[in-house]
2 protein chains.
Amino acid sequence: MYKRATLKDIATALNVSTTTVSRALNNKSDISDEMRKKVWEVARILNYKPNSLARSLRQQSSDNVIGVILPEVDHYFFSTIIKGITSSIDKNFLIMIGETNHDLEREKSIIDQYLEHFVAGIILLPTRHVQSIANIKTLIDASIPLIVVDRTIEDYEGNYLRHDSFLGAQQAIDHLIQKGRKKIALLRGALECSVSADRVRGYKASLKNHGFEIEEHLIKVCPNTSKKEAFMACNALFTESDNPPDAIFTVTDHMAAGVYEYAHKAELRIPQDLAVVGYSNSEISDVLSPKLTTVGQDGFELGKNAKAQLIQIIEHPQFTCRQILPSSLIVRDSS
Amino acid sequence: MYKRATLKDIATALNVSTTTVSRALNNKSDISDEMRKKVWEVARILNYKPNSLARSLRQQSSDNVIGVILPEVDHYFFSTIIKGITSSIDKNFLIMIGETNHDLEREKSIIDQYLEHFVAGIILLPTRHVQSIANIKTLIDASIPLIVVDRTIEDYEGNYLRHDSFLGAQQAIDHLIQKGRKKIALLRGALECSVSADRVRGYKASLKNHGFEIEEHLIKVCPNTSKKEAFMACNALFTESDNPPDAIFTVTDHMAAGVYEYAHKAELRIPQDLAVVGYSNSEISDVLSPKLTTVGQDGFELGKNAKAQLIQIIEHPQFTCRQILPSSLIVRDSS
DNA sequence: ATCGTTTCCGCAATCGATTATGGTAAAGTT
DNA sequence: AACTTTACCATAATCGATTGCGGAAACGAT
């Protein structure tokens with residue numbers, strides 16, 4: 001059985017104490033240059049790598065484990081965020097991952113587990129039901145480096161990073177209006193979801209700016225932002241009134257797929273009879289026919305950025321991050 | 001700052017040694033029933049949770065951290081596997097995740113990092129370039145619980161779990177032949193990829209079983225299994241010969257999307273002029289129009305299963321797992 | 001020569017758990 | 001009564017690193 005070299009091995013080899021070795025390797029003071037060099041040399045030869053468990057235990061804090069918490073790992077947007085986090089290998093951070101399935105209890109439980117493991121910091125994508133800082137209070141009190149990504153949390157004053165959903169939605173509606181659409185419906189997500197709320201605000205703002213009336217019956221709620229819900233909502237839009245919409249904006253691309261399905265069944269042509277704009281620029285937007293116009297939010301960059309910022313926060317406790325990234329409309333063939 | 005209760009706190013409260021407390025909590029011998037009860041009671045009151053770092057350090061092995069290694073976290077199939085692994089919360093295992101991007105060096109480096117962290121076991125989805133057990137030799141020598149998922153590794157004798165790609169491909173071709181197709185092309189992946197190789201074997205086996213000739217020029221290689229490569233390969237198939245295929249089987253759904261795109265451009269109707277069958281039952285197969293016939297392999301179940309089996313291996317060193325799960329054809333509208 | 005400063009390094013405690021070894025008192029044995 | 005066994009618990013070492021404190025040697029100043 002292979003055994004890794006320890007501080008003691010280096011110390012024995014040089015006939016010095018482990019204290020000296022530790023200080024030499026961490027480039028601390030009270031060490032002569034000569035000794036420092038010798039220690040580094042032996043460490044290299046023995047292929048020494050510090051035992052991070054021992055270090056974490058002693059320091060009461062890991063220095064290379066980041067905990068990630070998100071609602072659903074198999075949603076394209078989230079999975080590209082994970083890719084952004086895992087693919088940059090700076091500092092060799094290890095990534096722990098926990099999935100909440102939008103369950104607040106589960107979220108709390110994962111946070112506790114991360115705390116027990118002395119993670120160096122946490123990247124949190126809150127559930128869509130988050131209403132308060134209850135779950136992260138422990139983190140705040142203990143000053144655990146934390147960055148809240150994608151969603152907002154009421155009364156939370158700490159570090160965050162997210163896309164500008166308000167602006168994204170506004171761009172989408174601006175675009176539809178510019179294309180001559182007069183009656184634009186909106187399929188939104190859960191009422192308590194901050195992201196969805198921002199997009200609704202963007203929708204309304206754009207309509208107002210162009211002197212359009214806001215018709216509440218054109219706004220349908222799809223709590224799970226699913227394809228099926230969107231299909232049903234679409235059905236409602238076209239059967240409840242004999243003055244149906246000529247454009248639909250959905251807050252996810254999946255919902256747009258539901259609209260496509262309804263349009264296909266109702267023999268509505270996209271974009272001639274009905275323009276569709278989705279949100280996320282997920283992979284299905286390029287596969288749908290006609291290709292879907294959508295608001296692009298780059299998950300990869302978001303994840304990469306979140307990790308970089310968190311590392312800054314870990315290394316410089318006074319560092320703060322309050323960033324809102326721009327989204328940009330990607331015009332394809334559905335509008 | 002909140003501080004967790006330790007063995008020592010319990011020991012002090014009861015005026016006994018930490019030895020006694022440890023043994024009582026771990027239900028070992030040399031402890032009176034009376035003492036055991038008292039210890040458990042105090043532990044409950046103080047909300048004691050063992051420090052897993054300290055435990056791992058002492059035992060030279062964690063008991064609740066699983067390391068997962070896979071090629072690309074944002075591919076739908078892989079992300080559903082992650083979901084399968086993370087969503088079952090048995091035993092409160094923590095999940096570490098590493099992405100190789102099909103880079104063997106990176107794979108090795110992640111394995112080393114996991115070893116340094118004394119993970120209890122590893123779920124490995126090898127890169128498509130894997131040719132030998134070089135990367136996992138350390139794991140085997142050190143008897144680290146390991147399960148190889150999705151792909152095979154030459155000369156590897158340990159635990160594995162994967163889908164039956166041979167059978168899946170065979171079913172797909174059987175289906176196309178039964179539908180009356182006479183000239184079935186195949187878009188395959190990288191030559192060194194075992195999964196792709198299995199599917200090619202299935203393709204050939206089915207053709208042979210039905211008395212068809214195998215025409216090598218109908219088999220095109222798309223090393224990255226991308227949509228664009230598939231589009232190009234398709235173009236080649238239809239321009240190189242004036243006797244083009246009437247059906248195409250692709251080893252991923254994304255490649256099928258490439259075929260769709262070519263068909264659209266070349267004004268070929270699916271399925272009338274060209275039948276298409278994909279592989280994976282990814283989310284795009286339900287979004288493509290017409291909906292894609294594909295071979296279903298359930299990533300969620302695979303992940304869940306892999307985790308359950310690994311836990312068995314961790315807890316019972318003599319336990320072995322050699323499973324090949326069936327895939328099943330999902331017939332939709334493209335064939 | 002004496003005292004004060006640096007410089008450089010080691011001792012031992014510490015993080016929180018596990019465990020080999022040993023010791024004491026009660027119970028059992030002949 | 002003397003000896004052995006059993007039950008139960010404590011002491012201390014251990015995992016691999018970090019760090020407060022202290023000590024010895026070298027050097028400079030008076």
Side-chain angles (χ1 to χ4, degrees), chain A residues 1-40 42-43 46-65 113 115-120 142, chain B residues 1-40 42-43 46-65 113 115-120 142:
Chain A
M1 156 97 189
Y2 166 73
K3 210 168 160 324
R4 299 238 319 280
T6 69
L7 279 192
K8 198 170 183 179
D9 296 327
I10 303 180
T12 307
L14 286 171
N15 202 27
V16 294
S17 74
T18 60
T19 308
T20 303
V21 177
S22 172
R23 279 200 284 244
L25 291 175
N26 290 316
N27 285 321
K28 299 220 168 170
S29 54
D30 281 3
I31 287 287
S32 67
D33 279 347
E34 188 193 9
M35 178 61 81
R36 197 188 309 275
K37 272 182 199 161
K38 283 201 291 186
V39 169
W40 274 90
V42 175
L46 296 182
N47 191 27
Y48 170 78
K49 301 233 184 69
N51 182 314
S52 34
L53 282 197
R55 185 178 243 162
S56 300
L57 178 60
R58 177 58 222 248
Q59 315 269 33
Q60 295 287 290
S61 159
S62 158
D63 50 1
N64 66 346
V65 179
Q113 272 193 289
L115 277 177
E116 286 173 32
H117 266 262
F118 301 112
V119 295
Chain B
M1 158 93 188
Y2 167 72
K3 210 169 160 321
R4 298 240 316 280
T6 68
L7 278 192
K8 198 170 184 178
D9 296 328
I10 301 179
T12 307
L14 286 170
N15 201 27
V16 295
S17 74
T18 61
T19 309
T20 303
V21 177
S22 172
R23 278 201 283 244
L25 291 175
N26 290 317
N27 286 321
K28 300 223 168 168
S29 54
D30 281 5
I31 287 287
S32 66
D33 278 347
E34 187 193 10
M35 178 63 81
R36 197 188 308 275
K37 273 182 197 162
K38 285 200 290 188
V39 170
W40 274 91
V42 175
L46 297 182
N47 190 28
Y48 170 79
K49 301 232 186 70
N51 181 314
S52 36
L53 283 196
R55 186 179 242 160
S56 299
L57 177 60
R58 176 59 223 245
Q59 313 269 32
Q60 296 286 292
S61 160
S62 157
D63 51 1
N64 64 346
V65 179
Q113 273 193 289
L115 276 178
E116 288 172 31
H117 266 263
F118 299 113
V119 295

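All heavy atoms count here, side chains included; hydrogens, waters and symmetry mates do not. Proteins get letters first, then strands, A, B, ... in listed order; numbering begins at 1 in each. Note that this is a predicted model, so its numbers are computed, not measured.
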Tell me the closest heavy-atom pair linking A/N51 and B/F118, and the distance in Å.
ND2-CE1, 3.2 Å

Please compare B/R58 and A/Q59 by the position of their nearest nucleotide in DNA chain D and report the one closer to 5'.
B/R58

A/L14 CG - C/dC8 P separation (whole Å):
17 Å

Output the distance between atom CZ (B/R58) and atom CG (A/L53), rounded to the nearest 0.5 Å.
14.5 Å

B/S52 side chain N/O closer than 4.0 Å to the phosphate oxygens (OP1, OP2) of C/dA17?
no

Minimal heavy-atom distance between B/R36 and B/K28, with the atoms involved, is NH1-O, 3.2 Å

Of all of residues 20-28 of chain B, which get a heavy atom below 4.0 angstrom from DNA chain D, listed by number?
B/T20, B/R23

Going 5' to 3' along DNA chain D, which are the first and last nucleotides with any atom under 4.0 Å from a heavy atom of chain B?
D/dC8 to D/dG16

On DNA chain D, compare the nucleotides closest to B/V16 and A/L57; which residue's is nearer the 5' end?
B/V16

When all nucleic acid strands are considered with a 4.0 Å heavy-atom cut-off, which category describes B/I31: base, sugar-phosphate, or nothing?
sugar-phosphate

Please test B/S62 against B/H117 for side-chain hydrogen bond (donor to acceptor under 3.5 Å, both in side chains), starting from the C-alpha separation and ending with a verdict.
CA-CA 8 Å; B/S62 157; B/H117 266 263; over 6 Å; no

5'-most contact on DNA chain C (nearest-nucleotide basis), A/D33 vs A/T19, goes to A/D33

One pair to check against side-chain hydrogen bond (donor to acceptor under 3.5 Å, both in side chains): B/S22 and B/T19. What are the steps and the verdict?
CA-CA 5 Å; B/S22 172; B/T19 309; over 6 Å; no

